[in-house]
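Everything below concerns the one structure shown next.
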Amino acid sequence: MDTKAFKRSLQQSDNYHRKGFGHEAEVMEVLNTEYQSNLIQEIRNNHYRLERGNVTIRLAEAFGFCWGVERAVAMAYETRQHFPDERIWITNEIIHNPSVNQRLREMEVGFIEVNQGEKDFTKINQGDVVILPAFGASVAEMQLLNNKGCTIVDTTCPWVAKVWNSVEKHKKREYTSIIHGKYNHEETIATSSFAGTYLVILNLAQAEYVSNYILNGGDKNEFLFLFKNAYSEGFDPDQDLVQVGIANQTTMLKSETEQIGKLFEHTMLKKYGPANLNDHFMSFNTICDATQERQDAMFDLVKEDLSLMVVIGGYNSSNTTHLQEIAIDYKIPSYHIDSAARILSGNRIEHKPLGKELEITENWLPAGKIKVGVTSGASTPDKVVEEVIEKIFQAKLEY
């Protein structure tokens, strides 16, 4: 399928909207009331520090809502205002934040149900309004909604769309797109739907396995089993790794994406020589600025003498998880929570360790003077960060 032509045709449709509906001023006033925080602004103005009693809060210098997320949420609010009486759906969570998604439910925005891993679009009727989230939607979903005659409101982050353009270029030259991401993440599902032949790799270890296969060959069945569900239909590692292009899920760890890109560049250089490199390797800069800024700020923060780190964001938020990874790499006690409600009485906290289920840790706040690092993922409103900080101060006073 010519996905580029389909996307161009869809964007020219009267039922497709990507620029809002002219209610920006009213919506921003509502968003500022619901999601902004005077306390967080005060901390920013005080060099990202706040001290009360025995607790010093040290806030990362880039955190929380990014431009793409704010834009998506604003468009969702605008959609409800512009279509007050229509049925409105969203194909997934608008962003990975429970409080924002709950607010949309309260505004009577329906979320497409998922049954046995498949989205159920049967409840959507012609004329319904459907919002595509910040992560985007697959070509198949957009086709289905277009064929149903739905009004489509596309809040896809422009950085995600930039990655789609990159894999389109890979496809045009018949290069395999190697996508650094999580194969079952909404964004990567959408990105891979615009690719031709593709392979999704999770991390540097998997990239090194693929690099070794390119250089030395290997067991094809083992390869296909290892990457099960993470490649295009009919993928053959013996034929489809001769020409490769690099892309990424925008919320992955910047440094790892860069390492993976360099690894495949060196791999193709070694196998085919400098004169032929451009015939076997393509790479575009598709690392999201906001993701990069938050990770860079986290790297600065973890160099300080912190007692512990609190990372705030949805548990299914990839960019939040990578912030947590940085704290772990620096061996700082860290707690990933999605809201202030996770800070419990009796100096306990319910949190999600990396790669594990929720658990409760006792005596998480040390005695005496402490310095707490705080950051949040790109889908976390300032108001939620404020609530967490206030809860930390309260918890410290209670024991």
Check against side chain to side chain contact (heavy atoms under 4.5 Å, CB included), Ile201 and Tyr209: CA-CA 10 Å; Ile201 56 175; Tyr209 179 94; over 6 Å; no
Any side-chain heavy atom of [X] sitting closer than 4.5 Å to one from [Y]?
{"X": "Thr197", "Y": "Glu174", "answer": "no"}
{"X": "Ser193", "Y": "Thr3", "answer": "no"}
{"X": "Leu50", "Y": "Thr56", "answer": "no"}
{"X": "Ile57", "Y": "Arg49", "answer": "no"}
{"X": "Ile392", "Y": "Ile343", "answer": "yes"}
{"X": "Tyr183", "Y": "Tyr198", "answer": "no"}
{"X": "Phe121", "Y": "Ile112", "answer": "yes"}
{"X": "Lys171", "Y": "Ser177", "answer": "no"}

Please report the interatomic distance [atom1]([X]) to [atom2]([Y]), rounded to the nearest 0.5 Å.
{"X": "Gln36", "Y": "Glu70", "atom1": "CD", "atom2": "CD", "result": "6.5 Å"}
{"X": "Gln259", "Y": "Lys254", "atom1": "CD", "atom2": "NZ", "result": "11.5 Å"}
{"X": "Thr156", "Y": "Glu187", "atom1": "OG1", "atom2": "CD", "result": "9.5 Å"}
{"X": "Asn146", "Y": "Tyr16", "atom1": "CG", "atom2": "OH", "result": "11.0 Å"}
{"X": "Gln324", "Y": "Thr321", "atom1": "CD", "atom2": "OG1", "result": "8.0 Å"}
{"X": "Asn319", "Y": "Thr250", "atom1": "CG", "atom2": "OG1", "result": "8.5 Å"}

Under a single-linkage definition using a 4.5 Å side-chain heavy-atom cutoff for Ile, Leu, Val, Met, Phe, Trp and Tyr, are [X] and [Y] assigned to the same hydrophobic cluster?
{"X": "Val167", "Y": "Leu199", "result": "no"}
{"X": "Ile178", "Y": "Phe227", "result": "yes"}
{"X": "Val388", "Y": "Leu308", "result": "yes"}
{"X": "Phe223", "Y": "Val242", "result": "yes"}
{"X": "Ile370", "Y": "Ile43", "result": "yes"}

Is it the case that the side chain of [X] and the backbone of [Y] share a donor-acceptor pair, with hydrogens and angles ignored and the cut-off at 3.5 Å?
{"X": "Thr380", "Y": "Ser376", "value": "no"}
{"X": "Lys391", "Y": "Ala340", "value": "yes"}
{"X": "Ser211", "Y": "Thr267", "value": "no"}

For [X], is the [atom1] atom crowded, meaning more than 12 foreign heavy atoms sit under 6.0 Å from it?
{"X": "Glu304", "atom1": "CD", "answer": "yes"}
{"X": "Gln126", "atom1": "CD", "answer": "no"}
{"X": "Glu108", "atom1": "CD", "answer": "no"}
{"X": "Asn147", "atom1": "CG", "answer": "yes"}

Output yes when [X] and [Y] qualify as a salt bridge under the 4.0 Å nitrogen-oxygen rule, no when they do not.
{"X": "Arg342", "Y": "Glu350", "result": "yes"}
{"X": "Asp128", "Y": "Lys148", "result": "no"}
{"X": "Lys119", "Y": "Glu113", "result": "no"}
{"X": "Lys7", "Y": "Asp2", "result": "no"}
{"X": "Arg294", "Y": "Glu61", "result": "no"}
{"X": "Asp238", "Y": "Lys220", "result": "yes"}
{"X": "Lys369", "Y": "Glu51", "result": "yes"}

[X]: side-chain hydrogen bond (donor to acceptor under 3.5 Å, both in side chains) partners, not counting sequence neighbours:
{"X": "Lys396", "result": "Tyr399"}
{"X": "Asn212", "result": "Asn216"}
{"X": "Glu208", "result": "none"}
{"X": "Asn45", "result": "Gln41"}

Assess the residue pair Tyr315 and Ile337 against the criterion (side chain to side chain contact (heavy atoms under 4.5 Å, CB included)); give the C-alpha distance rounded to whole Å, side-chain angles, the decisive distance to 0.1 Å, and a yes or no. CA-CA 8 Å; Tyr315 294 132; Ile337 61 176; 4.2 Å; yes
Check which hydrophobic residues are tied to [X] through side-chain heavy-atom contacts below 4.5 Å, counting indirect links as well, and list them.
{"X": "Phe111", "result": "Phe21, Val27, Met28, Val30, Leu31, Tyr35, Phe65, Val69, Val73, Met75, Tyr77, Phe83, Ile88, Ile90, Ile94, Ile95, Val100, Leu104, Met107, Val109, Val129, Ile131, Val153"}
{"X": "Met282", "result": "Tyr175, Phe284"}
{"X": "Leu354", "result": "Ile328"}
{"X": "Ile189", "result": "none"}

Test log, rule side chain to side chain contact (heavy atoms under 4.5 Å, CB included), inputs Glu325 and Glu256: CA-CA 12 Å; Glu325 286 177 357; Glu256 189 167 46; 5.7 Å; no
Show, in sequence, the C-alpha distance, side-chain angles and deciding distance for Ile40 and Phe63, and conclude whether the side chain to side chain contact (heavy atoms under 4.5 Å, CB included) test is met. CA-CA 11 Å; Ile40 296 304; Phe63 65 96; 3.5 Å; yes
His17 and Gln11: side chain to side chain donor-acceptor pair (under 3.5 Å), yes or no, with the steps? CA-CA 8 Å; His17 303 274; Gln11 291 171 348; over 6 Å; no
Taking atom types as modelled, find out whether His180 and Thr257 have a side-chain donor-acceptor pair closer than 3.5 angstrom. yes
Side chains of Ser345 and Glu398: do they bring a donor and an acceptor to under 3.5 Å? no
Can you pull out every side-chain hydrogen bond (donor to acceptor under 3.5 Å, both in side chains) where at least one residue sits in residues 268-292? Sequence neighbours excluded, please.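 Every side-chain hydrogen bond (donor to acceptor under 3.5 Å, both in side chains) pair that includes a residue of residues 268-292, provided the two are not neighbours, is Asn248-Thr286.
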Contacts of Glu42 meeting salt bridge (charged side-chain N to carboxylate O under 4.0 Å, His left out) (sequence neighbours excluded), chain-then-number -> none
Results of salt bridge (charged side-chain N to carboxylate O under 4.0 Å, His left out) for Arg103 - residues two or more places apart only: Glu34, Glu106
Only distances under 3.5 Å count here; give the side-chain donor-acceptor pairs of residues 357-368 to other protein atoms, sequence neighbours excluded, each with its distance to 0.1 Å.
unit_1: Thr361; atom_1: OG1; unit_2: His351; atom_2: NE2; d: 2.7

What is the minimum heavy-atom distance between Ser379 and Asn97, and which atoms define it?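 Heavy-atom minimum between the residues: O-CB, 3.0 Å.
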